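Every chain is numbered from 1 and lettered A, B, ... according to where its sequence line falls, protein lines coming before strand lines. Fair warning: this is a prediction, and the values are worked out from it, not measured in the lab.
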Amino acid sequence: MKRRSLAGLALAALAALPVTVMAADAPTPLRVITHSSFDMPKELLAKFEADAGVKLTLIKGGDAGEMLNKLILSKEAPIADVVFGIDNAMLPRARKAGVLAPLPASLLALPLSAQVKAVDPQATAATDWLPIDYGFVTLNIDKAWFAANKVALPTQLSQLAEPTYAKLLVVQNPATSSPGLAFLSATVQSQGAGVWAWWKALRANGVKVSSSWSDAYYKDFTRNGGTRPMVVSYLTSPAAEVFYSDKPLTESPTANLNLNGGVYAQVEGIALVEGGPANTATTQAAVAFMRFMRSAEAQTALQTTMWMWPVSNATPLAAVMTHAGTAPTVKAVDADVLARDSREWIRQFNQIVVR
Amino acid sequence: MDTSIQPNRGALIPWRPLLLGLGPALLIGGLAVLPTLQLMWFGATATATTGEAVGGFWLGWWQVWADDYLSARITWSLVQASITTGLAAMLGIPVAWVIARWDFVGRGLLLQTLMLPFVVPTLVAAMGVLAWWGPQGLLGQWLAWDATESPWLLIAGNLFFNLCLVIRAGVAGFASQSAAQFDVARTLGATPWRVFWRLELPHAAPAIWGALSLVFLYCLGGFGLALLLGGQQYATAEVVIYTLVAHELELVLASQLALWMLLFTGLVVGLYAWLQMRAATPRTADIRHRKTLTARQWMPVLGVAWVWLVCISIGLAPLAAIFVKAMIASAATWEQVATAETADALFNTLRFSGAALGVAVVLGVCHALVGRRFWWWRVWGLLPLMISPVMIAFGLLLLVPQWLDAWPLLVAAYALLALPLVIQPVAQALDALPNAWADAARSLGATPWRVWWRVTLPLVRPAVRRGAAFALATMLGEFAVTLFLSRPEWTTLTTLIYQHLGRAGRTQLESAWVLSAGLLALTLFLFWLLEEPDRKDTHA
């Protein structure tokens with residue numbers, strides 16, 4: 001009996017200690033589901049775990065669309081506490097399925113750059129989703145090919161259907177690729193109902209459709225041995241080409257071709273999974289992780305691991321990012337329209353362009 | 001007891017079939033059938049929870065056929081699978097015959113390298129094929145037409161992956177031919193051609209049927225390569241099911257399509273199982289030995305030259321391209337690859353494949369033992385290849401969400417997808433065992449277990465090894481396992497390769513080449529370890 005009361009005393013003493021010390025003794029487990037492209041330096045994540053007293057379990061759930069569907073299916077018994085990688089376009093679906101929980105006001109008050117707000121004013125004002133990074137899907141060109149073949153770069157989308165650019169472009173199938181769907185959405189947004197006539201003309205002009213970004217970039221792009229000097233890719237890809245070059249480069253071998261109506265803006269965010277955290281300690285750990293993803297270290301690191309732009313206005317751009325040029329002023333596609341119509345667009349695309 | 005001394009098909013089975021069948025039945029039932037049914041049931045009843053209204057499950061079964069796009073996908077899937085299977089038989093059977101009958105330099109290595117395509121990630125394999133036949137490829141640049149935009153490249157790709165199945169099974173089938181039977185036929189005046197058609201081919205038929213059914217199923221379920229090489233217009237039904245489930249959560253339509261495909265594959269597989277059992281002929285102890293090739297025998301020399309030509313042009317050239325690309329990779333790439341991350345991935349690859357291989361071999365042999373008696377049980381054994389992996393992966397989310405980020409489930413998934421590759425050769429080897437041998441041992445007083453250890457197992461061991469080698473190859477290549485949930489600390493060599501190919505930059509591409517070459521070398525080494533004891537065995 002005496003021993004037990006002693007233990008009780010000790011417990012009371014422990015309870016009086018600051019929470020962080022408690023946490024250091026027994027890290028709070030936190031499950032974070034991410035898309036397959038999630039990539040943060042190990043040391044940085046370890047540092048977060050030590051500082052916050054959290055034990056992270058990262059779960060990769062396939063590409064972003066696949067991951068969201070996995071969350072929707074497992075709604076009754078959530079497989080994660082936090083989800084990273086739902087983008088502004090997927091928000092309406094995520095909300096409709098009820099997989100997102102509201103965020104504490106302290107997170108929503110974190111500073112956000114004006115550029116991100118301009119990209120998608122509606123999504124960036126969300127109370128159940130916290131923007132972490134943003135980026136653009138656009139055309140990349142192989143500079144060497146255009147120089148060697150003395151072909152002038154197209155200046156508008158309609159030119160891509162002209163004979164000069166026959167068989168020069170590769171896009172991804174929107175049914176299996178997110179940049180593919182992004183590019184298609186951008187063209188639908190800018191051209192409206194007339195877009196299908198344009199896609200039909202592109203098909204006649206020999207546009208190639210690949211299944212994924214990797215497939216298009218590493219198999220069809222002339223830079224890597226293919227036949228197409230224009231590829232649907234990311235705005236940061238020319239910077240990545242410099243960063244991951246086999247010999248030191250002063251200039252990127254590829255460049256962005258930001259055509260009006262052919263650039264898609266995307267904001268990726270992090271959110272609490274409805275019904276995910278089992279207790280308040282887990283919720284606190286989740287909030288700490290979200291805050292960490294907006295910290296200066298994380299916002300700096302993600303630029304050269306996930307090749308996205310930071311959303312925090314306090315974070316400077318990595319030097320290599322200058323090769324990506326400046327962020328174009330593009331508004332995000334209306335997410336509600338996208339949620340309603342994307343399935344039909346994909347169907348149309350496959351019937352008109354692929355068949 | 002089924003293990004009585006009476007001559008019956010069960011004399012070789014050391015245990016009650018029910019108990020033996022329990023393990024494989026649990027794996028296939030629990031990890032393939034149940035999740036799929038759960039997903040279909042969810043789609044049929046609980047669509048409201050997804051927040052998306054979907055049409056009725058029990059209605060519109062013909063809508064799949066009324067829809068031009070869907071019906072074209074189903075038809076094309078069946079057509080390309082049939083063409084590939086036919087070509088694989090036409091190319092593979094003569095090659096297998098030559099390899100089974102003649103000893104030549106590099107024979108053992110050839111048999112092992114042939115299986116390597118199974119291991120290579122599809123995108124890397126496609127790049128390997130394009131390094132030769134692509135528009136900037138070594139041979140392709142001289143072609144007048146662009147081979148990348150024709151269905152022929154797709155079929156060449158399918159053969160690249162699947163020809164080895166037919167060749168390996170055919171070699172095993174032809175090699176166990178009775179020497180006495182052959183001598184008698186020849187003495188009675190049968191021409192070699194007639195002996196081949198009336199004696200040798202029928203004898204090897206069960207093994208070849210088994211392999212062809214696998215080729216058919218792999219082509220139907222074929223996901224990556226078809227799209228990579230043939231282009232989007234050659235998408236198969238499997239790709240449509242994937243899109244419907246993973247991206248659109250249109251479970252009703254996906255279920256209907258999946259059930260239609262199951263109907264077709266079920267018919268084909270049922271037919272094959274019946275044929276295989278009917279065609280089974282007991283082997284004899286006096287098997288034909290291989291002849292050593294000498295330069296003066298111009299016919300066989302020509303035959304071996306043909307074997308090398310087929311194997312090199314279809315299977316080995318793209319692999320050679322991978323090695324060459326890896327060799328000329330820049331110093332920056334090697335620096336990027338030589339990290340703890342790669343070492344971890346290597347360790348994970350060995351850990352997961354090793355565990356899964358153990359499970360697949362034990363359960364596969366159990367399954368084949370039971371399948372010796374019931375043909376329908378054989379069909380059940382092929383189910384893991386007949387059900388779409390994406391439906392399994394998503395069904396498991398509903399069934400056991402709490403286990404999804406635990407590694408035993410991942411190992412079980414690897415084992416499940418490799419199981420048919422173990423079952424096939426073992427079932428066929430068991431079919432060929434005459435009951436008389438086991439009966440003799442039993443009548444001499446051996447217990448059923450002793451018969452198993454001293455008679456049956458030693459006789460089927462080469463088949464077990466062959467099945468294990470193929471199983472290992474699929475595990476290293478991770479067919480479809482990427483659909484399941486994963487953890488960064490579980491990164492394997494294959495996932496690492498895909499991560500590199502997910503970023504832009506020359507060293508990323510070169511890293512993929514280097515890691516692929518490493519994966520191939522590792523696989524070759526493991527094959528050697530697995531099969532070396534049987535190298536001298538005539539029925540390998």
Side-chain angles (χ1 to χ4, degrees), chain A residues 31 33 36-39 57-62 65-66 69-70 72-79 93 96-98 140 173 175-176 208-211 213-215 217-220 222 224-227 233-234 236-238 240-247 254 307 343 346-347 350-351 354-355, chain B residues 39 42 49-52 68-69 123 126-127 130-131 134-137 146 148-149 224 227-228 231-233 235 239-240 242-243 245-250 329-333 336 394 397-398 401-402 404-405 482-483 485-489 498-499 501-510 512:
Chain A
R31 302 169 301 166
I33 192 167
S36 47
S37 315
F38 177 83
D39 185 10
T57 300
L58 293 172
I59 304 159
K60 294 206 167 184
E66 221 175 296
N69 283 336
K70 285 180 177 170
I72 293 175
L73 271 188
S74 62
K75 216 178 70 180
E76 302 302 319
I79 47 177
R93 275 197 67 212
K96 200 168 163 195
N140 280 183
N173 192 329
T176 47
K208 176 153 195 194
V209 183
S210 282
S211 61
W213 177 86
S214 305
D215 180 10
Y217 200 83
Y218 282 117
K219 205 182 90 255
D220 300 315
T222 44
N224 296 311
T227 52
S233 185
Y234 298 94
T236 52
S237 303
E241 282 282 353
V242 174
F243 195 79
Y244 295 121
S245 67
D246 46 352
K247 41 190 174 287
T254 66
W307 294 95
R343 194 175 291 175
I346 291 169
R347 232 185 140 66
N350 274 287
Q351 262 158 10
V354 179
R355 250 182 309 179
Chain B
L39 189 72
F42 182 85
T49 50
T50 67
E52 279 159 41
D68 286 348
Y69 178 66
L123 182 53
M127 294 192 299
L130 291 175
Q136 290 185 26
D146 182 359
T148 53
E149 273 148 59
L227 293 179
L228 288 170
Q232 294 290 308
Q233 58 271 48
V239 175
V240 180
Y242 166 78
T243 312
V245 174
H247 288 258
E248 301 179 11
L249 221 56
E250 267 230 44
S330 63
T333 299
Q336 191 175 290
F394 276 72
L397 277 172
L398 292 170
Q402 66 281 15
L404 282 189
D405 56 353
T482 40
L483 290 169
L485 291 180
S486 182
R487 300 254 295 266
E489 60 269 32
Y498 275 115
Q499 275 172 25
L501 289 175
R503 300 189 198 107
R506 200 31 69 81
T507 58
Q508 298 292 324
L509 175 62
E510 288 182 350

Engineer: Heavy-atom pairs under 4.5 Å with chain B: which of A:W213, A:W307, A:Y218, A:F38 has the most?
Structural biologist: A:Y218
Engineer: Under a 4.5 Å heavy-atom cutoff, which of B:G505, B:A504, B:A246 has the most pairs with chain A?
Structural biologist: B:A504
Engineer: Determine, step by step, whether A:N224 and B:R506 satisfy the side chain to side chain contact (heavy atoms under 4.5 Å, CB included) criterion, reporting the C-alpha distance in whole Å, the side-chain angles of both residues, the deciding distance to 0.1 Å, and the verdict.
Structural biologist: CA-CA 8 Å; A:N224 296 311; B:R506 200 31 69 81; 3.5 Å; yes
Engineer: Could you look at A:S245 and say if it's the side chain, the backbone, both or neither that has a heavy atom under 4.5 Å from chain B?
Structural biologist: backbone
Engineer: How long is the straight-line distance from NZ of A:K75 back to CG of B:L398, given to the nearest 0.5 Å?
Structural biologist: 12.0 Å
Engineer: For a quick test of reading the model, state the closest non-hydrogen atom pair linking A:S214 to B:L501 and the distance between them.
Structural biologist: OG-O, 2.8 Å
Engineer: Below 4.5 Å, heavy-atom pairs only: which of A:N140, A:I33, A:D246 has the largest tally toward chain B?
Structural biologist: A:D246
Engineer: Which heavy atom of B:F394 sits nearest to which heavy atom of A:N69, and what is that distance?
Structural biologist: CE2-CB, 3.9 Å
Engineer: Could you tell me which portion of A:D39 (side chain, backbone, both or neither) has an atom closer than 4.5 angstrom to a non-hydrogen atom of chain B?
Structural biologist: side chain
Engineer: I'd like to know which of A:A240, A:S74, A:S233 tops the heavy-atom pair count under 4.5 Å against chain B.
Structural biologist: A:A240
Engineer: Which heavy atom of A:I79 sits nearest to which heavy atom of B:P401, and what is that distance?
Structural biologist: CG2-O, 3.5 Å
Engineer: State whether a side-chain donor-acceptor pair under 3.5 Å links A:Y217 with B:Q508.
Structural biologist: no
Engineer: List the atom of B:R487, the atom of A:L58, and the distance in Å for their closest heavy-atom pair.
Structural biologist: CD-O, 3.0 Å
Engineer: How many angstroms lie between atom CD of A:E76 and atom CG of B:L397, to the nearest 0.5 angstrom?
Structural biologist: 13.0 Å
Engineer: Using a 4.5 Å cut-off on heavy atoms from C-beta on, say whether the side chain of B:P488 contacts that of A:K60.
Structural biologist: yes
Engineer: In this structure, which one of A:F243, A:Y244, A:Y234 forms a side chain to side chain contact (heavy atoms under 4.5 Å, CB included) with B:R503?
Structural biologist: A:Y244
Engineer: Do you know which two heavy atoms are closest between B:T243 and A:A175, and how far apart they sit?
Structural biologist: CG2-O, 3.2 Å
Engineer: Passes side chain to side chain contact (heavy atoms under 4.5 Å, CB included), A:E66 versus B:L249? Steps please.
Structural biologist: CA-CA 9 Å; A:E66 221 175 296; B:L249 221 56; over 6 Å; no
